[in-house]
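Here is the structure we will look at.
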Amino acid sequence: MKNNNWSHSPAWILVSLLISAALMSCTPAETPGESLTGSEPASASGLPTVDLIVEGEYIVTMDENQTVVKGGAVAIKDGLIIALASAADVNAQYTATEHVAGNNRIVMPGLINGHSHAAMTLLRGVADDLALMDWLNNYIFPAEVQFVDADFVRIGTELACWEMIRGGTTMFVDMYYFPDVVADVVESCGMRAMVSATVIDQRSPDAENAADSIRKGLDFIGRWKDKNSRIIPIFGPHANYTLNADQLRETRAAANEAGVSISIHMSESQFELQYSKDTYGMTPIAFFESIGFLDGPTIAAHVVWPTETEIPILAERRVGVIHNPTSNMKLASGISPVTGMLRAGVLVGLGTDGAASNNDLDMWEEMRLAAFLQKVDRMNPEVMSAQTVLTMATSGGAEAIGLRDQIGALSIGMKADLIQVSFDDVHFVPTYDVISHLVYVADEQDVATVIVDGKVLMRNKEILTVDTERVAHEARELAKRIQAALAARNQ
Ligand SMILES: [Zn+2]
């Protein structure tokens, strides 16, 4: 079929401009009314107009007092929460351009996935049931060198955003290659993310070695630092076994120079523990501290094997630890002493890790497993309460990644990153305790509405910002090539 691209032609642009001008001139001028804050334009009802009012039978705020508002509503304007109270009060004070009803819905902060490799959705299931180093060195790294290019990262990240939005995740901290492509996808899908420029001392899909990846990382950070408030560029040095002490120091210096955080894998496996002792004469966290690597905001993924003396270092340095229970279980990396770290004042959030080691991006499952794993490890059902893990997935996670003043809780002035969980499903009947149900029962399919920065990304389970049909098609086509190449390689 002929495609003449008329919609991009100058003639069409001119027609569009004329139409918009005509529409604008027909719009009646808004009459100024009384405004509670003095800044919102008034509607015909005389009430100030906000962009969105989102209601819920319960608003689980995750604020410092763990406030739950029954029959509440949140008013949102310009991406921020400007009111949170009973639905009656909010509706008496504001009128909204869009109103999201709250029958049988719980409103809560969007979930924060503190550690992911989004584009690895395309490598989901290519190699399972292996130990971390075997899995990395013999499957993942070779597959990445062969297949990962900008297109792979675009499609894989789109798949991940689709999956995360569907499941109520609003923010993620990503570490992968081609960070510009990741950032572009995040920009278009409407999520919030920290996007790492990965630093690794080997030939990777987007760099030759550590020095090259640091150089390219600085360029990436320069391009994105102040471009879009939803996208925070950071550095992602891979680990202390893929970079040496000098390269880790250089990355820290570059991050501090650029004024950005670092996300890194830390003390993940017994291999790393032994490698660190053999190579640096110290356990990983003591080593990082000794080279000044913790002199700046650090997000440490995993931290499965901290020693008794290292835990206070994490607390003192305010390192944000991201616990990834599913990945740690699947790769048999071990059980992170999360209970002890929390007791020592360490900031702990939750993450999924990549879809190749999880094998999904489901934060509800992560919450549940985080609770159960600590209970069975400690042989004590009282540790790791539902409230504690819900905090790790929201406000605690926000604090671990350094954004506690902006996201992770619902209160006036915070960014409007929130979700509605529907409790229509049979597993919500009856509901005695909302927090218990959110952690021990709810799953991705229960998420009905997702809002980031005051914009609706999913309405009544329909994703609005990802072209799911196209992405599914592109992913399946790419997977055919990967599968054929893997089959040839393993012959
Ligand atoms: Zn990881």
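Both counts, for ligands and for their atoms, begin at 1 and track the order of listing. Keep in mind that the numbers below use all heavy atoms, side chains included, and drop hydrogens, waters and symmetry copies.
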Donor-acceptor contact present, side-chain N324 to main-chain N328, <3.5 Å: no
Contacts of type side chain to side chain contact (heavy atoms under 4.5 Å, CB included), residue P237, not counting sequence neighbours: V199, F235, L243, L248, T251, I262, I264, F293
Closer than 2.8 Å to the Zn ion (ligand 1) - protein N, O or S atoms, ordered by chain and residue number: H115 NE2, H117 NE2, H265 NE2, D353 OD1
E382, CD: over 12 other non-hydrogen atoms inside 6.0 angstrom: no
Lys/Arg N to Asp/Glu carboxylate O, K480 vs E477, below 4.0 Å: yes
Working for ring-ring contact (aromatic ring centres under 6.0 Å, His included), residues H323 and H115: CA-CA 8 Å; H323 178 42; H115 181 64; over 10 Å; no
Side-chain H-bond candidate by donor/acceptor type, T388 with S385, under 3.5 Å: yes
